*Asks:* 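One structure, pasted below without further comment.
Predicted, not measured: the structure shown is a model, and the values here were computed from it.
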Amino acid sequence: MPNTHEVLRRAQEIQEARTAAIMPLAEVLSDREELLSKLAALDEPYGQAYATAEAGGWTTDELTALGADEPVKRPKSRARTRRASPKKPGGTEASAAPEASSPAVVPAQDSTGTAAPVGADTHSN
């Protein structure tokens with residue numbers, strides 16, 4: 001049976017071997033993080049440059065053939081941004097589409113004084 005000193009010495013050898021095995025990973029991990037950070041910083045300008053090329057007449061297939069992959073982040077288009085609806089005088093937003101309602105009623109053109117729906121024939125011949 002090994003004594004305490006022998007167990008601790010063997011544990012230290014194992015730990016040193018494990019530390020040596022992790023060193024290359026630790027060094028590459030640091031470099032990898034730095035490169036990923038630089039790549040992330042290029043996402044937006046790459047997307048803008050890609051959109052500019054498309055606006056200049058290049059197709060996605062042509063750009064892919066040239067080695068330019070579609071960007072992860074595309075620039076925000078002005079057409080996609082939602083603008084606030086104009087406000088009605090009462091402080092409520094105006095709706096984009098007219099609301100469905102019953103036919104409009106206008107005053108009758110005859111002497112009865114009754115209202116007739118829009119489009120109704122008010123003149124009897």
Side-chain angles (χ1 to χ4, degrees):
M1 178 169 222
N3 63 30
T4 304
H5 179 68
E6 185 63 28
V7 170
L8 292 176
R9 187 188 61 75
R10 181 69 184 131
Q12 185 175 358
E13 288 175 1
I14 292 170
Q15 191 61 31
E16 286 173 1
R18 292 178 70 197
T19 300
I22 198 78
M23 285 291 233
L25 178 61
E27 291 169 1
V28 170
L29 186 59
S30 176
D31 292 344
R32 183 177 186 267
E33 288 300 317
E34 183 181 334
L35 290 173
L36 286 173
S37 176
K38 287 180 180 180
L39 181 61
L42 290 174
D43 280 346
E44 188 175 343
Y46 180 79
Q48 290 172 344
Y50 193 94
T52 300
E54 285 181 314
W58 290 91
T59 66
T60 303
D61 290 338
E62 291 171 328
L63 293 170
T64 301
L66 293 171
D69 295 328
E70 280 197 69
V72 174
K73 290 185 178 181
R74 286 188 172 264
K76 292 180 182 176
S77 170
R78 288 183 210 152
R80 291 185 197 167
T81 57
R82 182 181 165 109
R83 294 188 179 146
S85 299
K87 301 271 183 181
K88 286 185 180 178
T92 59
E93 289 187 18
S95 61
E99 293 182 27
S101 63
S102 60
V105 177
V106 294
Q109 299 296 315
D110 61 10
S111 59
T112 64
T114 59
V118 172
D121 186 14
T122 57
H123 299 290
S124 299
N125 289 355

*Asks:* Give me the atom names and distance for the closest heavy-atom approach of Tyr50 to Glu70.
*Replies:*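 The answer is OH-CG, 3.3 Å.
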*Asks:* Considering residues at least two apart in sequence or located in another chain, which fulfil the side chain to side chain contact (heavy atoms under 4.5 Å, CB included) criterion with Glu16?
*Replies:*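 Side chain to side chain contact (heavy atoms under 4.5 Å, CB included) list for Glu16, sorted by chain: Gln12.
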*Asks:* If you measure from CG on Asp43 to CG on Leu39, what distance do you get to the nearest 0.5 Å?
*Replies:*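 One finds 5.5 Å between CG of Asp43 and CG of Leu39.
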*Asks:* Using the test side chain to side chain contact (heavy atoms under 4.5 Å, CB included), find all partners of Thr52 that sit at least two apart in sequence or belong to another chain.
*Replies:*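 Partners of Thr52 by the side chain to side chain contact (heavy atoms under 4.5 Å, CB included) criterion come out as none, since no residue qualifies.
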*Asks:* Residues in side-chain hydrogen bond (donor to acceptor under 3.5 Å, both in side chains) with Thr60, at least two apart?
*Replies:*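 Testing Thr60 for side-chain hydrogen bond (donor to acceptor under 3.5 Å, both in side chains), a comparison that skips the adjacent residues, returns Glu54.
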*Asks:* Show me the donor-acceptor pairs, under 3.5 Å and distance only, between side chains in residues 24-33 and residues at least two apart or in other chains.
*Replies:*
none

*Asks:* For Thr4, what residues pass the side-chain hydrogen bond (donor to acceptor under 3.5 Å, both in side chains) criterion, not counting sequence neighbours?
*Replies:*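 Listed in chain order: nothing, the list is empty.
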*Asks:* Taking side chain to side chain contact (heavy atoms under 4.5 Å, CB included) as the definition, give me every residue that meets it alongside Ala53, ordered by chain and number, with sequence neighbours left out.
*Replies:*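 Applying side chain to side chain contact (heavy atoms under 4.5 Å, CB included) to Ala53 gives Trp58, Leu63.
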*Asks:* Minimum heavy-atom separation for Pro71 and Tyr46, please, with both atom names.
*Replies:*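 Nearest heavy atoms, Pro71 then Tyr46: CB-CD2, 3.6 Å.
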*Asks:* Which hydrophobic side chains are connected to Leu42, either touching it within the sub-4.5 Å cutoff or through other members that do?
*Replies:*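 Its cluster mates, by chain and number: none.
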*Asks:* In chain order, what residues pass the side chain to side chain contact (heavy atoms under 4.5 Å, CB included) check against Glu13, with sequence neighbours excluded?
*Replies:*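 Applying side chain to side chain contact (heavy atoms under 4.5 Å, CB included) to Glu13 gives Arg9, Arg10.
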